[in-house]
Peer 1: 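Handing you a structure now.
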Amino acid sequence: MTPAILFLEQQKAPFTLHQYECTAHDDFGAHAASQLQVPLAQVFKTLLTEGEQGAVVALVPSSGKVNLKRLAKAAGMKKLEMMPPAKAERLTGYKVGGISPFAQKKRLVTVLDESAHLHVEILVSGGKRGLSLGVTADLLQNLLDAVIAEIA
């Protein structure tokens, strides 16, 4: 049981659990998609960025990369850069490869790539490597007060 799962249960939010054997050391999204046999574009990675005005969580399909200029604009910030992994782990309470957008230590501005709405369900990290959560884009947007924008 991870904080992300507990959070979703407390919210009485519908979600599906997807467990898989995680042997990857990088590109966790591609590994999850392969193991779970789902399209890469349906598995969303949780990326942490930072700028002078604070940290921002970006949720983008594993098939793409985050556009930092678009992300900064969507978050109402001037400039963002990728956060070092160790700092992301301290800030969220999760290990890289298992950073969930749900139940992070501190609530951060979250931006979800608009392509999430192309899928009935998207997969995001469940709070540890080898565990994904299936949720709708609307649910994620509502629970995290996420901004929807073209950021991938």
Peer 1: Can you tell if the side chain of Asp145 reaches within under 4.5 Å of the side chain of Thr110, non-hydrogen atoms only?
Peer 2: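 Result no, sub-4.5 Å side-chain heavy-atom pair not found.
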Peer 1: Following the transitive rule for hydrophobic clusters with a side-chain heavy-atom cut-off under 4.5 Å over Ile, Leu, Val, Met, Phe, Trp and Tyr, establish whether Met83 and Phe28 coincide in one cluster.
Peer 2: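 Shared cluster, yes.
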Peer 1: Between Ser34 (side chain) and Ala30 (backbone), is there a donor-acceptor pair under 3.5 Å?
Peer 2: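 No, the answer is negative, given that no donor and acceptor are paired below the 3.5 Å cut-off.
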Peer 1: Distance-only, no hydrogens or angles: does the His18 side chain make a donor-acceptor pair with backbone N or O of Gly126 under 3.5 Å?
Peer 2: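 Judged by distance alone, no pair lies under 3.5 Å.
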Peer 1: What's the separation between atom CG in Leu144 and atom CG in Leu59, rounded to the nearest 0.5 Å?
Peer 2: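 It comes to 7.5 Å.
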Peer 1: If you take all heavy atoms of Gly29 and Val43, which pair is closest and at what distance?
Peer 2: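 Looking at all heavy atoms of both residues, the shortest contact is O-CG1, 3.8 Å.
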Peer 1: Name all pairs fulfilling the salt bridge (Lys or Arg N to Asp or Glu O under 4.0 Å) condition that reach into residues 54-81, sequence neighbours left out, sorted by first residue then second.
Peer 2: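 Pairs touching residues 54-81 that pass the test: Arg70-Glu150.
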Peer 1: Check for me, please, whether Val96 and Val57 land in the same ILVMFWY cluster - side-chain distances under 4.5 Å, paths through other members count.
Peer 2: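 Yes, because Val96 and Val57 connect within a single hydrophobic cluster, where side-chain heavy atoms sit under 4.5 Å apart.
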Peer 1: Who are the salt bridge (Lys or Arg N to Asp or Glu O under 4.0 Å) partners of Glu9, not counting sequence neighbours?
Peer 2: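 Result, salt bridge (Lys or Arg N to Asp or Glu O under 4.0 Å) vs Glu9: none returned.
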Peer 1: Does the side chain to side chain contact (heavy atoms under 4.5 Å, CB included) test come out yes or no for His31 and Tyr20, once each step is laid out?
Peer 2: CA-CA 9 Å; His31 182 73; Tyr20 58 95; 3.9 Å; yes
Peer 1: Looking only at heavy atoms, which two atoms of Val111 and Ala149 are closest? And how far apart?
Peer 2: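 Scanning both residues completely, I find the closest heavy atoms to be CG1-CB, 4.1 Å.
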Peer 1: Distance-only, no hydrogens or angles: does the Lys45 side chain make a donor-acceptor pair with backbone N or O of Gly64 under 3.5 Å?
Peer 2: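 Pair found, side chain donor or acceptor close to backbone of Gly64.
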Peer 1: Could you tell me which residues satisfy salt bridge (Lys or Arg N to Asp or Glu O under 4.0 Å) with Glu50, sequence neighbours excluded, listed by chain and number?
Peer 2: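 Here the qualifying residues are Lys87.
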Peer 1: So do the side chains of Leu108 and Leu91 get within less than 4.5 Å of each other, counting heavy atoms only?
Peer 2: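 When only atoms from C-beta onward are counted, Leu91 and Leu108 do touch, with a gap below 4.5 Å.
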Peer 1: How about Thr136 and Val120: do any of their side-chain heavy atoms sit closer than 4.5 Å?
Peer 2: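 In short, these two side chains do not touch, never coming nearer than 4.5 Å.
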Peer 1: Quick check: do Phe7 and Leu143 have side-chain heavy atoms less than 4.5 Å from each other?
Peer 2: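 Yes, at least one pair of side-chain atoms sits under 4.5 Å.
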Peer 1: Would you mind reporting whether Val66 and Met82 have side-chain heavy atoms less than 4.5 Å apart?
Peer 2: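 Touching, per the 4.5 Å side-chain cut-off.
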Peer 1: Indicate yes or no for a side-chain donor-acceptor contact from Thr46 to the backbone of Ile99 under 3.5 Å, with no hydrogens or angles considered.
Peer 2: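 Judged by distance alone, yes, a pair lies under 3.5 Å.
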Peer 1: How would you list all residue pairs meeting salt bridge (Lys or Arg N to Asp or Glu O under 4.0 Å) that involve residues 98-110, not counting sequence neighbours?
Peer 2: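 Those involving residues 98-110 do not exist here.
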Peer 1: Which heavy atom in Leu71 sits nearest to a heavy atom in Ala58, and how many Å separate them?
Peer 2: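 Reported closest heavy-atom pair: CD2-CB, 3.7 Å.
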Peer 1: Does some side-chain heavy atom of Leu17 sit less than 4.5 Å from a side-chain heavy atom of Leu131?
Peer 2: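 Contact flag for Leu131/Leu17 side chains = yes.
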Peer 1: Is there a continuous path of hydrophobic side-chain contacts, each under 4.5 Å between heavy atoms, that joins Val109 to Val60?
Peer 2: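 Val109 clusters together with Val60.
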Peer 1: To the nearest 0.5 Å, tell me how far Leu40 CG sits from Ser63 OG.
Peer 2: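 Spacing of CG (Leu40) from OG (Ser63) equals 5.0 Å.
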Peer 1: For the side chain of His117 and the backbone of Ile148, is there at least one donor-acceptor N/O pair under 3.5 Å apart?
Peer 2: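 Absent.
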Peer 1: Using side-chain contact (heavy atoms from CB on, under 4.5 Å) as the criterion, list what pairs up with Ser115, not counting sequence neighbours.
Peer 2: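 Partners of Ser115 by the side-chain contact (heavy atoms from CB on, under 4.5 Å) criterion, ordered by chain and then number, come out as Phe44, Pro61, Asp113, Leu118.
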Peer 1: Examine distances only and state if a side-chain atom of Ser100 and a backbone atom of Ser125 form a donor-acceptor pair shorter than 3.5 Å.
Peer 2: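 At least one qualifying donor-acceptor pair exists.
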Peer 1: How many angstroms lie between atom CZ of Phe15 and atom CD1 of Ile5, to the nearest 0.5 angstrom?
Peer 2: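 So the CZ of Phe15 and the CD1 of Ile5 are separated by 5.5 Å.
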Peer 1: Test of understanding: with side-chain hydrogen bond (donor to acceptor under 3.5 Å, both in side chains), list the residues that count as partners of Glu121, not counting sequence neighbours.
Peer 2: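 Expected list: Thr16.
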Peer 1: Using only atom types and a distance under 3.5 Å, with no angle test, would you say the side chain of Arg90 pairs donor to acceptor with the backbone of Pro85?
Peer 2: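 No: the side chain of Arg90 does not pair with the backbone of Pro85.
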Peer 1: Could you measure the distance from the NZ atom of Lys95 to the CD atom of Glu89? Nearest 0.5 Å is fine.
Peer 2: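 Rounded to the nearest 0.5 Å, the NZ-CD separation comes to 4.5 Å.
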Peer 1: Looking at every non-hydrogen atom in both residues, tell me the closest pair between Val38 and Leu123 and how far apart they are.
Peer 2: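 So the minimum-distance heavy-atom pair works out to CG2-CD1, 3.8 Å.
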Peer 1: For Ala4, does its backbone N or O pair with a side-chain atom of Tyr94 as donor and acceptor, under 3.5 Å?
Peer 2: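 Flag set: sc Tyr94 to bb Ala4 pair under 3.5 Å.
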Peer 1: When hydrophobic residues are tied together by side-chain contacts of less than 4.5 Å, even through go-betweens, does Met1 share a cluster with Leu133?
Peer 2: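 Linked within one cluster.
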Peer 1: Side-chain heavy atoms nearer than 4.5 Å, only ILVMFWY residues, links allowed to pass through others: does that put Leu139 and Val124 together?
Peer 2: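 Yes, Leu139 and Val124 fall within the same hydrophobic cluster.
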